[in-house]
Amino acid sequence: MNPTYEPNEIETAWYDRWEQAGVFRPEVNPYGEPFCVVIPPPNVTGQLHMGHALNHAIIDAIVRRKRMQGYAALWVPGTDHAGIATQNVVERELGAEGLSRHDLGREAFVEQVWEWKRRSGARITQQMRRLGSSCDWTRERFTMDDRLSTAVREVFVTLYEEGLVYRGDRIINWCPRCTTALAEIEVEYWDEDGELAHIAYPLTEGDGQVVVATTRAETMLGDTAVAVHPDDPRYAGLVGRTVTLPLVGRQIPIIADDHVDPDFGTGVVKVTPAHDPNDFAIGERHGLESVTIMDDHGFIIGDLFAGLDRFDARRAVKEALEAAGLLVSVEDHRHSVGHCYRCDTVVEPYLSLQWFVEVRPITDPAIDAVRNGESRFVPERWQNSYFHWMENLRDWCVSRQIWWGHRIPAWYCDQASEGCPAVHVSRTDLSACPTCGGPVTQDEDVLDTWFSSALWPFSVFGWPDTTPDLETFYPNGVMVTGFDIMYFWVARMMQMGIHFMGKAPYPDIVIHGLVRAGDGRKMSKSLGNAIDPLDVVDEYGADPLRLALLQAAAPGHDVSLDMEWVAGARRFGNKVWNAARFVLAGMDGTHAPPDGGYPGDVGPAEAWILHRLAEVTARFDTLCDGYRFSDAFGLLYNFMWAEVFDWYLEMAKVGLRSDATAASTRQTLGVVLRDVLKLLHPAMPHLTEELWGHLVGDGLIAASRWPDPPARPAPPGVETLQELIGKVRSFRSQHGVSPRVPIELLIHGPSGTIADWWHGQLDALANASVTPVADELGAGHTRLVAGPVHSFIALAGLIDIDAERDRLTRAVAEIDKVLGRAEAKLGNPGFLDKAPDDVVAKERAKVAELSERRASLQSQLNELG
RNA sequence: GGGCGAUUAGCUCAGGGGGAGAGCGCUUCCCUGACACGGAAGAGGUCAGAGGUUCAAAUCCUCUAUCGCCCACCA
């Protein structure tokens, strides 16, 4: 074996072997209880980014462990068609050739996107393989696969039949660049510096005027009223009269509406029902006309300013008003502006005919499912955000004016005016009107990408057909995702899953944070601080990246990924690698059994490490079951490095040298290494698989059984010995006594505790020889106390007496600090009365132990003179 | 305007009522026959601040400050 761990040399070969062995298929555990995770499907044209790497590291750790525990574990991979995002990518490519999608036409364009998908769709799945994600690729899905499209249509039609899908004229958020409607959630708001223009609207009759304030002056072209608060005394006499809309000349009424805040601006609002959601609501209440003043690209239409883009029009309108003497003032005004989440263009509230899902009836059950514990969030606090979001939902605009996606299964009868219902929503394509037999035209729009994503936990299994997989794997075992798509995705899966499957899609919803750069800032391409996980894999390996992500990902908190962590994880891998080399050398060509094989009759060191192995395994399982992977792998990391490698391997060296103990030592080394490799496997699958090959020599660790070492008591004396060795080393270090200089340790203590075994260990680990003494030694010696054992070292010629005095004085002071606190507690009647008995007993024991320790230190000081 | 989170060692972060933890960095010693991507021994914190609850507070409560994030119809 190579003396250095080289992740990239060992990682690449394993994936194919796992796949060929079929270990990622749930059928590998045919009798196991099902456990399924569906991947949060990445955009098909996307690239793996650090957020995916984190998400996949967590999911894979969960799934690999479940598989080893005997579950029929399944991780369903797949990708999302990502409507607008993907269409934008392909349009950009066309744009480079000077073409638009309209030059191609719908059919050719969609074919072009499919072509793009065929060309680049495999990239992200290859990247997943490189990270070692244990997906069952025989069950890979794409949101626009035929069967998933069938599911989408079934859901849409069913909701329509239930009256939960409807079509209507509403103000929606419109992206003039993507030329499509967006859902509320697809708009990102951020504060921008703008202007508040005050414009005078003259009364039609008489001399007066009212002044309105607006940030979007151009929308005045579409005003059909001005509104004041009904109780505003300033304008009480004006309600019911009309003003003449400047520039346009239209007479519009002054109306009273509660929505108006009398304290904002002048207390008068211009009302533009076609271009503002509030104004639309006011318009509905007062029966106002809506005047649309822009086309779908945001250019002005109509008699005035036609052809100007909305921002140019804003300037032009203000100039024209100024020329007319009606622009009262323009103030700087910082306010929140909505942007398209796909292209950052400023969105326009826009009146248009769209399809909506009425969400209330499907939302309440989704709220109840969390309230009654059918599904729970980890960490729990996310449920409050979920409730708040769900309780305030408004109907979901699901139609998109793009070409890439699931076309809305609605057909319009061309002869609708002749007594036919205008709209036919159908599970099958229509070529003629089912009522009158006349020609029909299909709706041009497609559905929101998230509509199909919402069905993912069951559509991947072939719903609406009742397939064996659907019956086996729904509900899924757990959902793991970032909070950034909790509303886009998790909330909607809950709605759809419960509505169509009758059960919540999963019992546990694990929400992890974002990956931030080492400087704590959000990783993003635009900031230029994004780290490509594939670059990290090339430099450090997939396993180190995975371990670093898992260790860094405390539940619900963002992850600041510093490359130092990844480097640290690789150093750990190197340590494991070399520890394994040592164990293998010690095993002398024999193999460890794949399971069990825990030796019964062993030496103290073996008994100790097996005792710890059982303890740590149990704790590790508890942490994993609670999704506390950073704690779990932190525990394992420290156990392996500090206890197995630094202590046990060193102690085993002694055991291997003696014929009497070599066999049980070898056996223990083998099973302990084997079990910690199993525990580590969910985080570092390649490294552990490689080492399994050498250690066990048969089968795959990925398909091995999760360890369950039997609990056993801690053997006496081992921790005391470790403490004593520490004291000797510390003594050397503080007095500059080289490790090469042998020390004679005069040990006085309970005879039973000092096994012969100590001699060999002290010699090997502390270069100290042992001489038992019957009495305590005084002047000229220093005393090392470890548990019940007192040991003495003759100081003559060995050390600097002053330095030793310093050391002892500091040690006494340290003990006094703790002792003082403990004694104060025991001196407090309240503590004795109210603290639990075991706490008091523990405190007493502490004081007793510390007092003894202090006394012995003090006597040493006295002995030094 | 609401809500949530964070503030702990030089750095990045765990912990969550009973003697302050990890990794990295730093200091000293050691290339001991698995590993110098290593070993050993150390230094280094008024747990943001102020009140409160408690026998006991880094931990629970209230307020304050700073920094993030989410939500909201700021014309």
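Chain letters run A, B, ... following the sequence lines, proteins first, then strands; residues in each count from 1.
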Checklist entry - Which dot-bracket string fits RNA chain B when only Watson-Crick or G-U wobble pairs with both atom distances under 3.5 Å count, crossing pairs get [ ], and | stands for a partner on a different strand? => result (((((((..((((....[..)))).(((((.......))))).....(((((..]....))))))))))))....
Item to check | Base versus backbone protein contacts along nucleotides 18-24 of chain B [heavy-atom cut-off under 4.0 Å; B, S, -] | outcome: BB--S-S
[X]: partners by side-chain hydrogen bond (donor to acceptor under 3.5 Å, both in side chains), with sequence neighbours left out:
X        : value
A:Arg619 : none
A:Glu6   : none
A:Tyr5   : none
A:Arg729 : none

Just to verify, what does [X] make a ring pair (Phe, Tyr, Trp, His ring centres under 6.0 Å) with, not counting sequence neighbours?
X        : value
A:Tyr540 : none
A:Phe582 : none
A:Phe377 : A:Tyr386

Next on the checklist: Per the side chain to side chain donor-acceptor pair (under 3.5 Å) rule, what does the pair list look like for residues 635-646 of chain A, sequence neighbours excluded?
Outcome noted: A:Arg612-A:Glu643
Item to check | Qualifying side chain to side chain donor-acceptor pair (under 3.5 Å) pairs with a residue from residues 821-843 of chain A, counting only residues at least two apart or across chains | outcome: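 Matches after skipping sequence neighbours: A:Glu843-A:Lys846.
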Strictly under 3.5 Å: I want the nitrogen or oxygen pairs between protein and nucleotides 58-62 of chain B, one per line.
none

